[in-house]
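Proteins come first, then strands; the chains are lettered A, B, ... in the order of their sequence lines, and each starts at number 1.
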Amino acid sequence: MKLVGIVGTNAVKSTNRQLLQYMQRHFASTAELEICEIADLPAFNEPEQRDAPAAVQQLADQIEHADGVIFATPEYDHSIPAVLKSAIEWLSYTTRPLINKPVMVVGASYGSLGTSRAQAHLRQILEAPELKALVMPNVEYMLGHSLQAFDEQGDLVDQAKAQELDKDFQAFTEFVTLMQKITPQNKFFEETRQFSWSQLTAGKE
Amino acid sequence: MKFIGIVGTNARKSYNRQLLTYMQTHFQDQAEIEILELTDVPMFNESQDQTDSPVIQNFIQKITAADGVIVATPEHNHSLPSALKSLLEWLSFKAHPLDGKPVMIVGASYSVQGSSRVQLHLRQVLDAPGVGANVMPGSEFLLGRAHTAFDEQGNLKSSGTVDFLTSCFKKFMKFTKVVEAMNVPDEINYQPGTYDVTATGHNGELPMQVTLSKDRIENIQIDASTETEGIADVAFERIPKQIVDGQTLDVDAVSGASITSHGVIDGVAEAVKQAGADPDILKKRPKQTAAAKPAIKDLDTDVVVVGAGGAGLTAAAKILQSGKRVLVLEKFPAVGGNTVRAGGPMNAADPDWQRQFDAILGEKHTLKEITEIDEATIDPEYRPDFRALKDQINDYLQENTDQRGYLFDSKLLHRIQTYLGGKRRDLQGHKIYGQYDLVKELTDHALESVQWLEKIGVEFDKTQVTMPVGAIWRRGHKPMGDLGFAYIKTLKQYVTSHGGTIMTETDVTQLTTENGRVVGVQAQGVDHQELAVHAQAVILASGGFAANTKMLKQYNTYWTNIDDDIKTTNSPAMTGDGIRLATAVGADLVGMGFSQMMPVSDPDTGELFSGLQVPPQNYVMINQQGKRFVNEYGSRDQLTQAAIDNGSLFYLLADDEIKKTAYNTTQAKIDQQVEAGTLFRADTLEDLARQIKVDPDTLVKTVHDYNSYVDAGDDPEFHKNAFDLKVKVAPFYATPRKPATHHTMGGLKIDTGAHVLTAGGTAIDGLYAAGEVAGGIHAGNRLGGNSLADIFTFGRIAATSALADELAVTD
Ligand SMILES: Cc1cc2nc3c(=O)[nH]c(=O)nc-3n(C[C@H](O)[C@H](O)[C@H](O)COP(=O)(O)OP(=O)(O)OC[C@H]3O[C@@H](n4cnc5c(N)ncnc54)[C@H](O)[C@@H]3O)c2cc1C
Ligand SMILES: Cc1cc2nc3c(=O)[nH]c(=O)nc-3n(C[C@H](O)[C@H](O)[C@H](O)COP(=O)(O)O)c2cc1C
């Protein structure tokens, strides 16, 4: 199985990046997880032309060719970081590779609450009509106190948290397989690809 | 009333902009609305703080001055546009201008339900603790089908919509008044008295006394005897002063002393709590704001010195001794640079003094070894000195064949040892060694530097001769009192009491030139004001670049790898500024690829003095597999390279007996570090192995083998030179260590007069360099104690040259 992991921040040090790196190593026998950075994408500014800049296109291609996507998001001010939002805006505004793509959301944060609000926002965002990703329901992996969560080898210190992730990841791989069976028949696929807020309203004019 | 309206998108065309513009005109009789755009707001990045950029500062200042803020947001993918989110992240990071501000949310969107989802998200974001805005509840103004809502003049077509917007706005004005009343600062009432509290400082607990009257913090007294003198004392002066002056706990930490700064703030907060008041109220009180930025300030002097470390203050004192004016610019709040961190003793051969001490075991052997060096391996310029030294040594050995003898030394021995100690090859096989004329200058004049310092007022402990770590020979002159700070304290006192000026927190950013000569510097002062300093000469004494990992990596030709997150023993000020300043005016560099690492540093802080530091004969070093990997008696760079080859992180193993030979710690500190997880302790080797995640059997075997080598007096694996104790008495300890950057031998190319040279070998008029900023002397490896000798010698030389060249003063 081929997966893409998106590091939801541009910070030089990120425990979310560490979490993805851990998953990459730990689940290597089940899935090939490619880690993507978004720090170097241009900031989204709603240009007139809906062309993807090269870096965005590259990310879109990587997503296109993957069986599923894992977002690892920090929480900034009760929501996802602007830089991650910007990356998603680009994808929704140009090639829309997330349509019908199975998605798992994980998040690491310094405090104990984890990234619950950011994850809830991210789910709502990914369900927007121009994204229509298939976010896996019922699973919400939150790693609190993330600065203390990894040992020197980059492994999760807390066994219970490691087992929870094993279970969630297993569920996700099953979800991906299941969705692959359903989505080819999804008749809304083309419609979604064409969706546009302005067209929608213009049509009703 | 004055409001700021923020257009929540950076798109060229926006109905939200249109909505705000409409509000601006429609409500102009009731309030002034200034519209701000997101266009130039950079993407938020916590690793690249841009809070001080003009764009963000503009938002901060305008929002702070306004009575309230109106945010007009589109909905992008069910949430906030990234551009708006980015701005709010900046406004929740280092500055918090929205804290307590009344905010009204409006939104225009294409679809009928308008921007309902984004408005909920935006409320949550504005409510986050870092933002802290007061969002008006209820009254959601959602403008659906925005593309049909406005007429040609930009007015809202529907009168129902206008009425609703007007009622929302009226409510917002009322809301603003209510919030204003809420924001009236909380009264604070203390139970008057003097409170004894402790705060955690850099080196442990700091006892403090805080005196409170009914409504004021009157006085803060700190017992700072345990803190490193010279580094933290600025924090002890400044933080209490700012707290008392502003009656606030919102004060900035002093750079270079942030732990101590926070320790003091926390201590006062504790006292406030004990006095029955809420410290959070004081934390929310406004900072003592600096005065507005003045225009460029011009200053005039004879000589300007960049950097108030050992070399800089020495040069300044020397200039003052000739009756000329001097201005020392120092970028940090405290003077002293790395010099205050130094162990203290400086090398200078003083045979008449050293003679009174008996030779110790092994010294004769070391001398004999020197005479046995094959002359062909000595570089030609050093050969005559080498031969003369051999004669001196042979005479000495002859004279003392049948007796223990006295401690031998000579300028020549100092010179040849500096040369041999610095000779290295880099990864490409290039050989480097100290430039002869510079090494001669250093070793010929080091003793004069000791004598000059004595005249200035530095007292040396003549009763002992020491060998600084990594020095090879006992010729260290140790100042009385506090190590490196002893020099700085006296020099600073001398400079300020003889009419010199030291400006701290003044960062030199550029050298000014006129027709190829250096005529001054530009600098940024405490409150970011620009300074232009005009002078006859500039002396660079800004230290090395061991705290600048990027620069180390850029030039490195010696180490196979330097980790991105490597720590340093240096002050964070050592970023190679002088090298950048001088190369910008054509200076040449020498030996930049060679840096020195301290192999046994704390992996988290770079400090030397955490964990258990024991004499090298008791070092047992194991790698992350639990195996020994090096001769623990090796030189600093052998240990460092071996550590790098083993993944940098390694452990110093100790048992209860070895622990007793540690020279850096106390039982209380040990317990505290074990508790904090920075030092490992276990009753069995197996348990220790599990704690540091190595295979227990491997560790047990390593220790068993090592102990058998100690018994046999021979280490067939790594040939450790000397042993003392075995590892056998529980509890056992493991101190995690990593190499940290320590010294940069390379730097500006200078001549024996400390003139800065171009690649063509000519001196740059008006420019001099002394101390760690200059290169050529220590080459591939600096001997312990030679740096202090260097900075005090070349500091004086730089001043002497500047006086003679530019001010026509001769000694
Ligand atoms: C932990 C430690 C222990 C050491 N022990 C010894 C020892 O025992 N013996 C020995 O001989 N050597 C020792 N050294 C090395 C020695 O301390 C330094 O090499 C020496 O102090 C350098 O002196 P300096 O005057 O060149 O620079 P510093 O004393 O480092 O001073 C440079 C000053 O310039 C300032 N500065 C930098 N850039 C600017 C700018 N742009 N504008 C204005 N000011 C600027 C800095 O803030 C600093 O105050 C040790 C070093 C360390 C870090
Ligand atoms: C501007 C900013 C806002 C933040 N807001 C929140 C927040 O609302 N909730 C939260 O749990 N953490 C917040 N944090 C801290 C994050 O927990 C932490 O930076 C991040 O989630 C950890 O992930 P990372 O290691 O990948 O950066 C914020 C950090 C920044 C820089």
Trainee: Kindly give the heavy-atom pair with the smallest separation between H78(A) and Q124(B), and that separation in Å.
Mentor: ND1-O, 2.9 Å
Trainee: With the side chain counted from C-beta on, respond yes when N77(B) and L131(A) share a heavy-atom pair under 4.5 Å apart, and no when they do not.
Mentor: yes
Trainee: Please state whether the side chain, the backbone, both or neither of S92(A) comes within less than 4.5 Å of a heavy atom of chain B.
Mentor: side chain
Trainee: For E675(B), I'd like to know if atom CD has over 12 heavy atoms of other residues, nucleotides or ligands within 6.0 Å.
Mentor: no
Trainee: Where is the tightest heavy-atom contact between H78(B) and Q124(A), given as atom of each residue plus distance?
Mentor: ND1-O, 2.9 Å
Trainee: Take a 6.0 Å sphere around CZ of R12(B) and say whether it holds more than 12 heavy atoms from other residues, nucleotides or ligands.
Mentor: no
Trainee: On a heavy-atom basis, which atom in K85(B) and which in Y76(A) lie closest, and how many Å separate them?
Mentor: NZ-O, 2.8 Å
Trainee: Taking all atoms of both residues into account, what is the closest heavy-atom pair of A43(A) and M43(B), and its distance?
Mentor: CB-CE, 3.9 Å
Trainee: Considering only heavy atoms and a distance below 4.5 Å, find which of P81(B), G130(B), G677(B) pairs most often with chain A.
Mentor: P81(B)
Trainee: Do K693(B) and Q153(A) pass the side chain to side chain contact (heavy atoms under 4.5 Å, CB included) test, and can you show the C-alpha distance, the side-chain angles, and the key distance before you say yes or no?
Mentor: CA-CA 9 Å; K693(B) 301 200 178 59; Q153(A) 279 74 42; 3.6 Å; yes
Trainee: Are more than 12 heavy atoms from other residues, nucleotides or ligands located less than 6.0 Å from atom NZ of K550(B)?
Mentor: no
Trainee: Under a 4.5 Å heavy-atom cutoff, which of G647(B), S86(B), S79(B) has the most pairs with chain A?
Mentor: S79(B)
Trainee: Where does L80(B) contact chain A at under 4.5 Å (heavy atoms): side chain, backbone, both or neither?
Mentor: backbone
Trainee: Measure across H76(B) and K85(A) and return the closest heavy-atom pair with its distance rounded to 0.1 Å.
Mentor: O-NZ, 2.8 Å
Trainee: K13(B) versus chain A, heavy atoms under 4.5 Å apart: side chain, backbone, both or neither?
Mentor: neither
Trainee: Is it true that, when you exclude Q148(A) itself, more than 12 heavy atoms of the residues, nucleotides or ligands shown sit nearer than 6.0 Å to its CD?
Mentor: yes
Trainee: Taking side chain as everything from C-beta outward and backbone as N, CA, C, O, which of these in Q48(B) sits under 4.5 Å from a heavy atom of chain A? Side chain, backbone, both or neither.
Mentor: neither
Trainee: Given 3.5 Å as the limit, does a donor-acceptor pair link the side chain of N10(B) with the main chain of F44(A), or not?
Mentor: yes
Trainee: With a cut-off of 6.0 Å (strictly less than), are more than 12 heavy atoms of other residues, nucleotides or ligands near CD of Q554(B)?
Mentor: yes
Trainee: Got more than 12 heavy atoms from elsewhere within 6.0 Å of CG, D565(B)?
Mentor: yes
Trainee: Look up atom CD1 in I125(A) and atom NE2 in H121(B), then write down how far apart they are to the nearest 0.5 Å.
Mentor: 6.0 Å
Trainee: Checking heavy atoms, do the side chain of P42(A), its backbone, both or neither come under 4.5 Å from chain B?
Mentor: neither
Trainee: I need the R117(B) CZ to E127(A) CD distance, nearest 0.5 Å.
Mentor: 10.0 Å
Trainee: Checking heavy atoms, do the side chain of T39(B), its backbone, both or neither come under 4.5 Å from chain A?
Mentor: neither
Trainee: Quick check on K627(B): does its NZ atom have over 12 non-hydrogen neighbours (other residues, nucleotides or ligands) under 6.0 Å away?
Mentor: no
Trainee: Taking side chain as everything from C-beta outward and backbone as N, CA, C, O, which of these in I88(A) sits under 4.5 Å from a heavy atom of chain B? Side chain, backbone, both or neither.
Mentor: both
Trainee: Looking at every non-hydrogen atom in both residues, tell me the closest pair between E89(B) and I80(A) and how far apart they are.
Mentor: OE2-O, 3.7 Å
Trainee: Hey, does the side chain of D77(A) reach the backbone of S92(B) with a donor-acceptor pair shorter than 3.5 angstrom?
Mentor: no
